[in-house]
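Only one structure is covered here, and it is reproduced in the block below.
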Amino acid sequence: MSDLTLMLIKLAFLAVLWLFIIMAVGVIRTDLFGPATSKAKRGAARRSEPRRPKPAPQRGRRNEPRSLVVTKGPLAGTTLDLSSQPIIIGRAKDATLVITDDYASGRHARIFSDNGRWVVEDLGSTNGTYLGQNRLTRPQPLSVGQPIRIGKTVLELRK
């Protein structure tokens with residue numbers, strides 16, 4: 001094998017190695033801080049989205065849950081009142097419910113209202129979100145008292 005061929009193989013290997021390192025750092029950064037969007041991208045996304053009228057406030061129904069309660073884990077006993085705003089759960093400082101769990105991602109899961117019913121969605125976490133004993137693969141509707149597990153933390157909707 002000639003010296004030139006050997007040098008080209010070494011350079012190609014070095015380039016692939018650096019590409020792997022850069023991608024790994026990007027994944028770790030996204031997991032810790034959430035997806036980065038520049039102001040230009042956000043402005044373009046806002047302009048492309050159709051404007052929707054704000055929904056009228058709904059009257060509270062008797063069987064509708066009113067709070068999200070942490071039943072197990074380091075934050076056991078913590079209660080969040082439910083509103084029309086989604087609840088982001090994770091380790092990130094900007095999350096609605098910040099949990100200090102080694103098994104939680106920066107932006108781990110989201111709980112939101114969809115036409116009067118509450119839905120839980122895993123946000124691409126590493127260790128998954130569990131509804132009862134089942135790992136979430138898509139957004140799932142929630143019922144009162146149904147356990148949501150994120151690492152060692154368990155949450156429930158309550159009336």
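Computed over heavy atoms, backbone and side chain alike; hydrogens, waters and symmetry mates excluded.
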Legend entry - Partner set under side chain to side chain contact (heavy atoms under 4.5 Å, CB included) for S83, not counting sequence neighbours: Q85
Main chain of [Y], side chain of [X]: is a donor-acceptor contact present, judged purely on distance under 3.5 Å?
X: D114; Y: V119; answer: no
X: S143; Y: Q146; answer: no
X: S125; Y: S105; answer: no

Closest heavy-atom contact between [X] and [Y]?
X: T71; Y: L155; result: OG1-N, 4.3 Å
X: Y103; Y: G151; result: CB-CA, 3.7 Å
X: T79; Y: S67; result: CG2-CB, 3.7 Å
X: P65; Y: V144; result: CB-CG2, 4.0 Å
X: I150; Y: A104; result: CG2-CB, 4.1 Å
X: E156; Y: P147; result: CG-CA, 4.1 Å

Can [Y] be reached from [X] by stepping across I, L, V, M, F, W or Y side chains whose heavy atoms are under 4.5 Å apart?
X: I87; Y: V154; value: no
X: I89; Y: L131; value: yes
X: L80; Y: I99; value: yes

Just so I know, are the side chains of [X] and [Y] near enough to count as touching, which here means a heavy-atom distance under 4.5 Å?
X: W118; Y: L82; value: yes
X: R66; Y: K159; value: no
X: F13; Y: L11; value: no
X: D122; Y: H108; value: yes

Spatial distance of atom [atom1] ([X]) from atom [atom2] ([Y]) [nearest 0.5 Å]:
X: L75; Y: D101; atom1: CG; atom2: CG; result: 9.0 Å
X: I148; Y: Y130; atom1: CD1; atom2: OH; result: 14.5 Å
X: L14; Y: L19; atom1: CG; atom2: CG; result: 11.5 Å
X: I111; Y: I88; atom1: CD1; atom2: CD1; result: 9.5 Å
X: K10; Y: T5; atom1: NZ; atom2: OG1; result: 12.0 Å
X: L123; Y: T129; atom1: CG; atom2: OG1; result: 7.5 Å

Inset, instruction - Please determine if R107 and D94 form a salt bridge, counting it only when a charged side-chain N lies under 4.0 Å from a carboxylate O. - result: yes
Inset, instruction - Test side chain to side chain contact (heavy atoms under 4.5 Å, CB included) on L157 and L68 and set out the steps. - result: CA-CA 5 Å; L157 289 180; L68 179 68; 4.0 Å; yes
